[in-house]
Amino acid sequence: MRSTTMVAEAVWKNIESNHSVTDDQLGVLNFLFGKNFERATRIVDQQGVKRLSGEPSGRSIFQVVGESRKREEYLCFAENYCGCYSFFYDIVNRGEQLCCKHQLAARLAESLGACIEVKLSDEELAMLLSKL
């Protein structure tokens, strides 16, 4: 694991345990993730993160609103995947970023308990996931 990832994980775990974020933690995350983190905080402030949870399994995925005029919504797993263009271009292809703003928004909202919770049947969730 890269040292950047280890530092970020330590900060995330601290935020999760307190369900709050300090200015120092915001500063560290902003230093690590730059403009993507700034954009992620705007998405969270605008309540742009939904956690779609299947019942009865409890499995979930995040649906995060983009910042474009279209207000597209992207399905993502906070730590592993996002359906946005930036994820494939900047992260997978070029390796320039650790994650996209949608992943960061999902992680921040989850850590702060700021997700809009949406309950679906496991079948509905499976249908959404099959379109990835």
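The residues of the chain are indexed from 1 along the displayed sequence. Side chains included, hydrogens not; waters and symmetry mates left out as well; all remaining heavy atoms used. Keep in mind that what you see is a predicted model, and the values were worked out from it rather than measured.
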Inset, instruction - Can you sort out the partners of S86 under side-chain hydrogen bond (donor to acceptor under 3.5 Å, both in side chains), two or more places apart, ordered by chain and number? - result: D90
Legend entry - Validation row: V118, L120 side chains within 4.5 angstrom (heavy atoms): yes
Legend entry - Ring centroid separation Y81 to F87 under 6.0 Å: yes
Legend entry - For V64 against C76, the heavy-atom pair lying closest together: CG2-SG, 3.8 Å
Legend entry - Joint hydrophobic cluster, L108 plus V28, side-chain heavy atoms closer than 4.5 Å: yes
Inset, instruction - Write down the atom of A114, the atom of V44, and the distance for their closest heavy-atom approach. - result: CB-CG1, 4.3 Å
Legend entry - Whether over 12 other heavy atoms sit under 6.0 Å from R42 CZ: yes
Legend entry - F88 CZ: over 12 foreign heavy atoms closer than 6.0 Å: yes
Legend entry - Within residues 100-118 or reaching into it, pairs that qualify as salt bridge (Lys or Arg N to Asp or Glu O under 4.0 Å) - sequence neighbours excluded: E9-R107, E16-R107, R51-E110, R51-E117, E67-K101, E79-R107
Inset, instruction - Kindly write out the residues that satisfy ring-ring contact (aromatic ring centres under 6.0 Å, His included) with F33, not counting sequence neighbours, or none if the list is empty. - result: none
For residues 125-132, dump all side-chain donor-acceptor pairs below 3.5 Å to protein atoms at least two apart in sequence or in another chain.
unit_1, atom_1, unit_2, atom_2, d
S130, OG, M127, O, 2.7

Inset, instruction - Please name all residues satisfying side-chain hydrogen bond (donor to acceptor under 3.5 Å, both in side chains) with D122, sequence neighbours left out, ordered by chain then number. - result: S57
Legend entry - Student check: side-chain heavy atoms of L29 and I15 closer than 4.5 Å: yes
Inset, instruction - With sequence neighbours excluded, give me every ring-ring contact (aromatic ring centres under 6.0 Å, His included) pair touching residues 90-132. - result: Y74-H102
Legend entry - For F37, ring-ring contact (aromatic ring centres under 6.0 Å, His included) partners two or more places apart: none
Inset, instruction - Decide yes or no for L98 and T4: does some side-chain heavy atom of the first lie under 4.5 Å from some side-chain heavy atom of the second? - result: yes
Inset, instruction - Apply side chain to side chain contact (heavy atoms under 4.5 Å, CB included) to E38 and list each qualifying residue two or more places apart in sequence or on a separate chain. - result: N30
Inset, instruction - Could you check if a side-chain atom of H19 sits within less than 4.5 angstrom of a side-chain atom of L112, using non-hydrogen atoms only? - result: no
Inset, instruction - Find the distance between SG (C84) and CG (L75) and round it off to the nearest 0.5 Å. - result: 11.5 Å
Inset, instruction - State, with a plain yes or no, whether a side-chain heavy atom of F31 is found less than 4.5 Å away from one of V7. - result: no
Legend entry - With T22 via side-chain hydrogen bond (donor to acceptor under 3.5 Å, both in side chains) - residues at least two apart: Q25
Legend entry - Minimum heavy-atom distance between I43 and A105, given as atom pair plus value: CG2-CB, 3.8 Å
Legend entry - Within 6.0 angstrom of E72 CD, more than 12 heavy atoms from elsewhere: yes
Inset, instruction - Check the pair I116, V49 against side chain to side chain contact (heavy atoms under 4.5 Å, CB included), reporting the backbone distance first and the verdict last. - result: CA-CA 6 Å; I116 297 169; V49 180; over 6 Å; no
Legend entry - Contacts of type side-chain hydrogen bond (donor to acceptor under 3.5 Å, both in side chains), residue Y85, not counting sequence neighbours: none
Legend entry - Side-chain heavy atoms of L52 within contact of F62, under 4.5 Å: no
Inset, instruction - Sequence neighbours left out, what passes side chain to side chain contact (heavy atoms under 4.5 Å, CB included) with A10? Give chain and number order. - result: none
Legend entry - Sequence-distant partners of E55, salt bridge (Lys or Arg N to Asp or Glu O under 4.0 Å), two or more places apart: none
Inset, instruction - Mind checking the CD-SG spacing from Q103 to C82? Nearest 0.5 Å is all I need. - result: 6.0 Å
